[in-house]
Amino acid sequence: MSLPTPPDLDELLAIARRLALEAGALTLDMRATARLQPDHKSSVSDLVTAADRASEAFILDHLREHRPGDGMLGEEGTDEPGTTGVRWVIDPIDGTSNYVHDLPGYSVSIAAEFQGQAVVGVVYDPKANECFSAVRGRGAELDGIALACSTTAALDEAIVGLGFSYHADRRRSQAQVLVHLAPLVGNFRRLGSAALDLAYVAAGRLDGYYEGGLAPWDTAAGTLIATEAGAIVTTLEGTRSPVPVIVAASATLHARLASELSRAIDEAIWTA
Ligand code: IPD
């Protein structure tokens, strides 16, 4: 069986950027005209809106027409295998709670993988009109400006982003982790979009970021953007966390943050 032909990365980037910008405009328009229809998913705080569904449908329709044969994975229920070796991983609105509450900080996240490895990533924040992107091996940028992650080495000077679960029992355990970390870390931010958290690590706005229980669509594009900006992004190994925990930070900070976080996780009580 012959191997799939490597894709043209410039073409994939152009498609991802265009779709993220157009889907972002669609979400802004739906919010402005109050077409939200919020609904619950895994818990009462895990929201989905008509705009999540419309954004995903818009992106998928375009990909089916212009990239026939590519695989697709989307947050709102899409999982289609492909034949070309390329798979698109889509979060049509990452940060739906922010979107519903009209808070800043939600994004459209689109990654293209080739043979299981992310090769292109785009994270677009429609409210701020900021488009973060990366191509594997070519660095990351924010609207044409090259990105470099922070060089902060001291944990007690670091601003670290984090996320909380939609499930109350797990949030209680995550709060215990925070109790351990609080005196060690400079300060924390809970921004509400994992894709943007990772893009902010790339931009040096956050020195580090961690979160447990994320899905591929939350992290695929942001992880490539952060690593292409020089950050290290790993999943913690061998902790007592019931779900995988992602840790992103500069090379100067990552080991310290990961080791304190692992210790904090192992001291917490996990019931869910
Ligand atoms: C969520 C956001 C949030 C994170 C959650 C994600 P969604 O994505 O990324 O910051 O804490 O774990 O599920 O549900 O808004 O697409």
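Computed from a prediction, not measured in an experiment: that's the story for all the values here. In listed order, ligands and their atoms are each counted from 1.
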Heavy atom of [X] under 4.0 Å from ligand 1?
X    : answer
R190 : yes
I93  : yes
Y166 : yes

Applying salt bridge (charged side-chain N to carboxylate O under 4.0 Å, His left out) to E76 and K41, what does each step give before you reach the verdict?
CA-CA 10 Å; E76 306 315 334; K41 295 199 288 185; 3.3 Å; yes

R64 with D61: basic N within carboxylate O range, under 4.0 Å
yes

Does R263 come within less than 4.0 Å of E267, counting only side-chain N to carboxylate O?
no

I want to check something: taking the side chain as every heavy atom from C-beta on, are I110 and W88 in contact at a cut-off of under 4.5 Å?
yes

Return yes if a side-chain donor-acceptor contact under 3.5 Å exists between D94 and S109, otherwise no.
no

Give yes or no for whether the N/O distance cutoff of 3.5 Å, strictly under, is met between G192 and ligand 1.
yes

Contact (N/O only, under 3.5 Å) between A194 and ligand 1
yes

Which protein non-hydrogen atom lies closest to atom 4 (C) of ligand 1, naming both residue and atom, and how far is it?
E211 OE2, 3.0 Å

Closest approach of any protein heavy atom to atom 16 (O) of ligand 1, naming residue and atom
E75 OE1, 2.9 Å

